[in-house]
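Single-structure report; data block below.
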2 protein chains.
Amino acid sequence: MARTAGSDGGRTEAAIRDAAVQLIARHGYEAVTMRQLAAEVGVQAAALYRYFPNKEDLLHSLMREHMEELATTWENARPANDDPVARLTSFVANHIRFHVERRHATHVSNMELRSLSRDNLTSILKLRTAYEKELRTILRDGADAGLLEVDDTGLTAMAIIQMITGVIVWFRPDERLSVDEVTATYLAMTMRLTGAKTNAEDRHVRQDAELRAR
Amino acid sequence: MARTAGSDGGRTEAAIRDAAVQLIARHGYEAVTMRQLAAEVGVQAAALYRYFPNKEDLLHSLMREHMEELATTWENARPANDDPVARLTSFVANHIRFHVERRHATHVSNMELRSLSRDNLTSILKLRTAYEKELRTILRDGADAGLLEVDDTGLTAMAIIQMITGVIVWFRPDERLSVDEVTATYLAMTMRLTGAKTNAEDRHVRQDAELRAR
DNA sequence: GAATTAATTAAACGTTCGTTTTATTAATTT
DNA sequence: AAATTAATAAAACGAACGTTTAATTAATTC
């Protein structure tokens, strides 16, 4: 046999990407074989090489797609106003939603970096660094404006990212909590962690100052 | 050739464990071959099978050792007094120190769980869950005593653990910050995140209350 | 110092891996 | 309807994998 009836390159490639993300997330890149992936797609292994030159390029392509989607999603979610606390809120909420909705792809992008060769690794890390810089900028702006208490911008950014990305480790939809509830709790923790002056607290701080001024 | 001069079972096993942790942390369990590991130790691949029945049992043994050391270290570091804030401080400081000192073993224990078969996985998760429960207990005790502000004990425990374990992702000794400096910053973030009433803040809160009472 | 045990090498086993080559059929274009 | 291009199957490649078996030497015990 050869070309099958109804076969379509676009659909096949999408099916390969989909199956690859699932399989690699579950078993790890090295453990997944091209034959296993092909079987999942319902095709012979050789057919995969029409879409990706080799196994590593497939992995790299999945990661690149994930990171570029993340950047795009954040660009669209970023609020127009430049209040640092509002931007921090948007960042955390967007980050959690994006990653929860892409648990498998996130696992792949975070855990399989070591399987990339130099150049492929560099290109992914570049995208990741650019994204992380967004958070550092928010934190610095907030600290400069006196709206956040941040000892060390870099450390705090890493701490927050680890914390909110970690949601995917334990979160399962259809269980006790919804994404919105989890996001609310994590937002509250982020705000306390950064000593954010919310409107309410702000009023409180001002009240205290007024009391003392008397 | 056969037995080599000066060979010693104890030393060889230790060398295997050491090399395995380094190699698996860097390349991943599936990517490391028994021949590669043997070469690193300076021995033939067959010699490894005198110490571990197979590749997976080697991995499981490394993880078990790591988790048991973690439990032991915490037992020794746990403060005698039962002030929740003091216990939280000890937990975070001990956790960061332990993991920073064992970056590679931590990577193995956290990232290679999917390579374990059912029974081996269960035994490791049991140890991990027991350890995490320590933190949940501290948080609940603190919340019950009114010393911590914790919305959700489970979520907060996971958030803190992700945050402080994440140190190993970016921390490198001999760079800008020492372990103690990093620990101090993370402790400050943890205390804010949990709304901990330290002595200083406690006094501050009492002062505010007094001011208002006038 | 002979017998035994511990530690290791060397070689081989069958299996599976990523990838390539070649042939074949479906769909599209002319 | 013939020619061309796209999508796949089938088979084969050498290399590498985890593991086993058998032989060999060092260290220890008797």
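Chain naming here is simple, since letters A, B, ... match the order of the sequence lines and numbering starts at 1 in each.
Going from atom CZ of A:F52 over to atom P of C:dT19 covers 13 Å, rounded to whole Å. Residue A:L37 contributes atom CG, which lies 16 Å from atom C1' of C:dT16 at whole-angstrom precision. Atom-to-atom, CE of B:M34 to C1' of D:dT19 comes out at 8 Å; the value is rounded to the nearest Å. In this entry the distance linking CD of A:E30 with P of D:dA16 reads 14 Å, nearest Å. Straight-line distance from the CD1 atom of A:I24 to the C1' atom of C:dG18: 14 Å, rounded to whole Å. Per the geometry, CG belonging to B:L48 stands 9 Å off P belonging to C:dT9, to the nearest Å. Residue B:R50 contributes atom CZ, which lies 16 Å from atom P of D:dA26 at whole-angstrom precision.
Under 4.0 angstrom from either OP1 or OP2 of D:dT8 there lies at least one side-chain N or O belonging to A:T12. Distances shorter than 4.0 Å separate some side-chain N or O of B:Y51 from OP1 or OP2 on C:dT8.
Among C:dA12, C:dC17, C:dT8, the nucleotide with an atom closest to any side-chain atom of A:R35 is C:dC17. Taking only side-chain atoms of B:Y49, from C-beta outward, the nucleotide of D:dT21, D:dA7, D:dT19 with the closest atom is D:dT19. Relative to the side chain of A:A47, the nucleotides C:dA10, D:dT8, C:dG18 differ in distance, and D:dT8 lies closest. Here C:dT9 is the nucleotide among C:dT9, D:dT8, C:dC17 with the atom lying nearest to any side-chain atom of B:V43. In this structure, the nucleotide among D:dT20, D:dA9, C:dA10 sitting nearest to the side chain of A:Q44 is D:dA9.
Judged by distance alone, the side chain of A:Y29 and the main-chain N or O of A:V108 form no donor-acceptor pair under 3.5 Å.
At a threshold of 4.0 angstrom between heavy atoms, the contacts of A:V32 are confined to the sugar-phosphate backbone, with no base atom among them.
Under the 3.5 Å distance criterion, with hydrogens and angles disregarded, no donor-acceptor pair is assigned to the side chains of B:T137 and B:R87.
Between A:F91 and A:W74, the angle of the ring planes goes over 60°, which puts this pair in the perpendicular group of the 30/60° scheme.
B:L139 and B:A157 get closest at one heavy-atom pair: CD1-N, 3.6 Å.
When the nearest nucleotides of DNA chain C are assigned to A:P53 and A:Q36 by heavy-atom distance, the more 5′-ward of the two goes with A:Q36.
Residues B:I160 and B:T194 form a side-chain contact, since some pair of their non-hydrogen atoms from C-beta on lies under 4.5 Å apart.
Residues from residues 54-62 of chain B lying near DNA chain D, meaning a heavy-atom separation below 4.0 Å, are B:N54, B:K55 in numerical order.
For an aromatic pair to be called close, the ring centres must be under 6.0 Å apart, and A:Y131 with A:H95 satisfies this.
Ion pairing between a basic and an acidic side chain is recognised when a charged N comes within 4.0 Å of a carboxylate O; B:E112 and B:K55 show no such pairing.
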